Participant: 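Below is the structure I would like to discuss, written out as structure tokens.
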Amino acid sequence: MERPLDETAARLEKLHAMASAGVDPYPARSSRTHPISRVLADFEELEEGHVEVQVVGRIKAVRGHGGACFADIEDGGQKIQLHLKRDVLGEESYGFFERSVDHGDFLQVSGTLFVTKKEERTIEVRSLRLLAKALRPLPAKWHGLSDVETRYRKRYLDLIANPEVKTLFRKRSLVVQTIRDFLEQEGFIEVETPVLQPIPGGATARPFVTHHNALDIDLYLRVAPELYLKRLVVGGFERVFEIARCFRNEGIDHLHNPEFTQVEFYQAYADYRDLMHLTERLLPEIVRRVNGDLEVSCGERAIDFTPPYPRISFRDALIQYGDVDIERFTDRASLAKAAEAAGIRVEDSDDRGKIMDDMFKKLVRPEVVSPTFIIDHPIELSPLAKKKREDGRYVERFQLLLGGGVELINAFSELNDPIDQRERFLEQERLRAGGDEEAQRIDQDYLEALEVGMPPTAGFGMGIDRLTALLVDAHSIKEVILFPTMRPLEQE
């Protein structure tokens, strides 16, 4: 089949010709006796039994012309060859195929099976029916295309042309399913909490804002489900989790997308030490199920997920990797000088906590490749975490770092003292007043829930996009988000 210069116009002409002839190019009903995968799996048995099979799928290639031709049809990622002959199909059906069917169209075909001289498993087509006419051709040279932006913007073409992309997203689905299975076996219940929230809370982040017309109120897309999940712990659910779509109005890079997916869970009568042990069971389970073993390629490096994972305090990590001891710099001014000496830009509005966080991100994160628990963070960085009893300057918190800069997990012993929590919220409001748009806000209803009483509880959050990207060795989380956020193209 030759491809006309203006193929879309040519396909439209074929569409109109079919309509004029009374042929429905988009019928509602279709039928098949076997998926292509089943035909391939049971080929010898079906061939020997002269079983007529009916398959459906997209035409991916057509070869030959005249009285006979071959075509490839694909369904669910599996492909089989078709053989179409004028004297088998009949003049009308074969002529319809020649005149009207293009690369990319969906067909329903029936026939028996045979093997060609080149040992290609094939269906001898005895009848065919058009299921959907494709008005735009598939890219002729899509395979190996290096324009990643086009792949992300037109993911449907990426999925059609590149089978490995489907495999990647099946692995992502397996990651999510494994997390669900694991947590349910641990006695957790899956719940849903509001995406539209009157007060954005649970994370230090700038929210997206929208307006509800009927109530005439502003609402925020959630930055985290945390405060609602902990309300459920107050209400008596001792183990809850959510696979949560979250939204943060922040920059976009290889580790950040404005909307992302994470799992958060909360366990009553546990602390952050318990969750470190749980993490050392959960992560190997996911990695083994998705990859087969516990060593994962990450660029030129290899990450071994075999537990136990090292534990190092936030302070000691900065000493080890940045040669900075935060306890030597007890005021903002001296800490700012130390940060600037390390090449870190400090803004006038940056408080002590922000400076420490920036130092940690630049000096520590890039150095950690193997899974490592960074524990016991400064209280300024953790407004929702419980203080350490032996030193109130720090909190019972851990982050799991790996892969040379990836923060995969954030977890802590939850602050359940309503008086302490109110003071932390007030400090966050003071930071907001000073220009920190990511500081958290006072949530009065959440404080009232804590006043009702929340048992000792530990909370855990893990980015599913980041974990999947690590497991499939993707350079960016855009590779593992089906429709990542992109700047709109200018409309002509």
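Hydrogens, waters and symmetry mates play no part in the numbers below; they use all other heavy atoms, side chains included. Predicted, not measured: the structure shown is a model, and the values here were computed from it.
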Participant: Quick check: are there more than 12 heavy atoms from other residues, nucleotides or ligands sitting under 6.0 Å from CD of Glu347?
Facilitator: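 Yes - once you tally the heavy atoms of other residues, nucleotides and ligands closer than 6.0 Å, there are more than 12.
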Participant: Which distance, rounded to the nearest 0.5 Å, do you find between the CG of Asp350 and the CG of Asp358?
Facilitator: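 Between atom CG of Asp350 and atom CG of Asp358 there are 6.0 Å.
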Participant: Go through the steps for Arg206 and Tyr220 under the test side-chain hydrogen bond (donor to acceptor under 3.5 Å, both in side chains), then give the verdict.
Facilitator: CA-CA 10 Å; Arg206 183 188 302 176; Tyr220 300 88; over 6 Å; no
Participant: Test side-chain contact (heavy atoms from CB on, under 4.5 Å) on Gln267 and Glu238; report intermediate values, then the result.
Facilitator: CA-CA 6 Å; Gln267 179 177 341; Glu238 294 184 2; over 6 Å; no
Participant: Looking just at side-chain N and O atoms, do Arg172 and Thr468 make a donor-acceptor pair shorter than 3.5 Å?
Facilitator: no
Participant: At what distance, to the nearest 0.5 angstrom, does CG of Leu130 lie from CZ of Phe106?
Facilitator: 10.5 Å
Participant: Any side-chain heavy atom of Leu128 sitting closer than 4.5 Å to one from Gln108?
Facilitator: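 They are not in contact (no side-chain heavy atoms under 4.5 Å apart), so the answer is no.
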Participant: I would like to know whether Thr178 and Glu285 meet side-chain hydrogen bond (donor to acceptor under 3.5 Å, both in side chains); could you show each step before the answer?
Facilitator: CA-CA 8 Å; Thr178 304; Glu285 177 71 15; over 6 Å; no
Participant: Using the side-chain hydrogen bond (donor to acceptor under 3.5 Å, both in side chains) rule, take Gln177 and Asp181 through it: C-alpha gap first, then chi angles, then the decisive distance, then the call.
Facilitator: CA-CA 6 Å; Gln177 187 59 53; Asp181 292 345; 2.8 Å; yes
Participant: Are Thr122 and Gln81 close enough that a side-chain donor and a side-chain acceptor fall under 3.5 Å?
Facilitator: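 Gln81 and Thr122 do have a side-chain donor-acceptor pair below 3.5 Å.
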Participant: Can Glu479 and Arg151 be counted as an ion pair, charged N to O under 4.0 angstrom?
Facilitator: yes
Participant: Are Arg222 and Glu242 ion-paired here, with the side-chain N under 4.0 Å from a carboxylate O?
Facilitator: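 Glu242 and Arg222: salt-bridged.
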Participant: Would you check if there is a donor-acceptor pair between the side chains of Glu414 and Thr457 at a distance under 3.5 Å?
Facilitator: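 No, Glu414 and Thr457 have no side-chain donor paired with an acceptor closer than 3.5 Å.
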Participant: If the test is side-chain contact (heavy atoms from CB on, under 4.5 Å), which one of Met462, Gln262, Gln399 qualifies with Asn410?
Facilitator: Gln399
Participant: Under 3.5 Å, is there a donor-acceptor pair between the side chain of Ser382 and the main chain of Leu384?
Facilitator: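 Answer holds: no.
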Participant: I'd like to check Ile355 versus Asp357 (side-chain heavy atoms, cut-off strictly below 4.5 Å). Are they in contact?
Facilitator: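 Ile355 does not reach Asp357 side chain to side chain.
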Participant: Heavy-atom distance under 4.5 Å between the side chains of Asp218 and Thr210, does that happen here?
Facilitator: no
Participant: Enter the distance from Ile477:CD1 to His254:NE2 here, rounded to the nearest 0.5 Å.
Facilitator: 9.0 Å
Participant: Starting at CE of Met18, measure out to OG of Ser20 and round the result to the nearest 0.5 Å.
Facilitator: 10.5 Å
Participant: Compare all side-chain heavy atoms of Leu227 with those of Tyr446 and state whether any distance is below 4.5 angstrom.
Facilitator: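 Leu227 vs Tyr446: side chains touch.
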Participant: Under 4.5 Å between any side-chain heavy atoms of Phe208 and Pro258, yes or no?
Facilitator: yes
Participant: Give me the atom names and distance for the closest heavy-atom approach of Gly57 to Asp75.
Facilitator: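 Looks like CA-CB, 4.3 Å.
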Participant: Considering non-hydrogen atoms only, spot the tightest contact between Phe373 and Met276 and give its length.
Facilitator: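 Closest approach of Phe373 to Met276, heavy atoms only: CZ-O, 3.6 Å.
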Participant: Going by atom types only, do His34 and Asp42 share a side-chain donor-acceptor pair under 3.5 Å?
Facilitator: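 There is no such pair between these side chains.
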Participant: I'd like to know if the side chain of His256 pairs up with that of Asp253 as donor and acceptor (distance under 3.5 Å, no hydrogens or angles considered).
Facilitator: yes
Participant: For Arg58 and Gly104, indicate whether the former's side chain and the latter's backbone hold a donor-acceptor pair under 3.5 Å.
Facilitator: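 Yes.
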Participant: Let's go through Leu131 and Ser30 carefully: what are the C-alpha distance in whole Å and the side-chain angles of both, what is the deciding distance for side-chain contact (heavy atoms from CB on, under 4.5 Å) to 0.1 Å, and is it a yes or a no?
Facilitator: CA-CA 7 Å; Leu131 296 181; Ser30 61; 3.7 Å; yes
Participant: The test is side-chain hydrogen bond (donor to acceptor under 3.5 Å, both in side chains); show your working for His16 and Arg11 and say whether it passes.
Facilitator: CA-CA 9 Å; His16 297 323; Arg11 290 177 182 230; over 6 Å; no
Participant: Assess, by modelled atom type and distance only, whether the side chains of Tyr266 and Glu264 contain a donor and an acceptor separated by less than 3.5 Å.
Facilitator: yes
Participant: Hey, are the side chains of Leu278 and Phe265 touching, using non-hydrogen atoms and a 4.5 Å cut-off?
Facilitator: yes
Participant: Does atom CZ of Arg155 have more than 12 heavy-atom neighbours, drawn from other residues, nucleotides or ligands, at distances under 6.0 Å?
Facilitator: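 More than 12 within 6.0 Å, yes.
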Participant: Between Arg397 and Ile375, is there a donor-acceptor pair closer than 3.5 Å when you use the side chain of the first and the backbone of the second?
Facilitator: no
Participant: Output, in order, the C-alpha distance, side-chain angles, deciding distance and verdict of salt bridge (Lys or Arg N to Asp or Glu O under 4.0 Å) for Glu190 and Arg180.
Facilitator: CA-CA 8 Å; Glu190 184 172 6; Arg180 280 199 168 98; 2.8 Å; yes
Participant: Should we say atom NZ of Lys60 is surrounded by more than 12 heavy atoms from elsewhere, each under 6.0 Å from it?
Facilitator: yes
Participant: With rounding to the nearest 0.5 angstrom, report the CG to CD distance, Asp443 to Gln428.
Facilitator: 13.0 Å
Participant: Does the plane of the ring in Phe314 sit parallel, tilted or perpendicular to the ring in His377? Use 30° and 60° as the thresholds.
Facilitator: tilted
Participant: Should the pair Arg231 and Tyr228 be classed as cation-pi, given the thresholds of under 6.0 Å to the six-membered ring centre and 45° from the axis?
Facilitator: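 Yes, Arg231 lies over the aromatic ring of Tyr228.
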Participant: I'd like to know whether CZ of Phe237 has more than 12 heavy-atom contacts from other residues, nucleotides or ligands below 6.0 angstrom.
Facilitator: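 Counting neighbours around CZ of Phe237, 12 or fewer heavy atoms of other residues, nucleotides or ligands fall under 6.0 Å, so no.
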Participant: Any side-chain heavy-atom pair from Leu318 and Met359 closer than 4.5 angstrom?
Facilitator: yes
Participant: Mind checking whether Arg311 and Ile374 have side chains closer than 4.5 Å, heavy atoms only?
Facilitator: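 Side chain of Arg311 against side chain of Ile374, heavy atoms only: no contact under 4.5 Å found.
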Participant: Check the side chains of Thr33 and Gln54 for a donor-acceptor pair under 3.5 angstrom, ignoring hydrogens and angles.
Facilitator: no
Participant: Counting neighbours of CZ on Arg63 that are heavy atoms of other residues, nucleotides or ligands and sit closer than 6.0 Å, is the number greater than 12?
Facilitator: yes
Participant: Any chance you could measure Ile481, atom CD1, to Ile464, atom CD1, to the nearest 0.5 Å?
Facilitator: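 If we round to the nearest 0.5 Å, Ile481:CD1 and Ile464:CD1 are 11.0 Å apart.
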Participant: Kindly determine whether Glu380 and Lys354 satisfy salt bridge (Lys or Arg N to Asp or Glu O under 4.0 Å), including the steps that lead there.
Facilitator: CA-CA 8 Å; Glu380 294 93 335; Lys354 178 68 163 55; over 6 Å; no
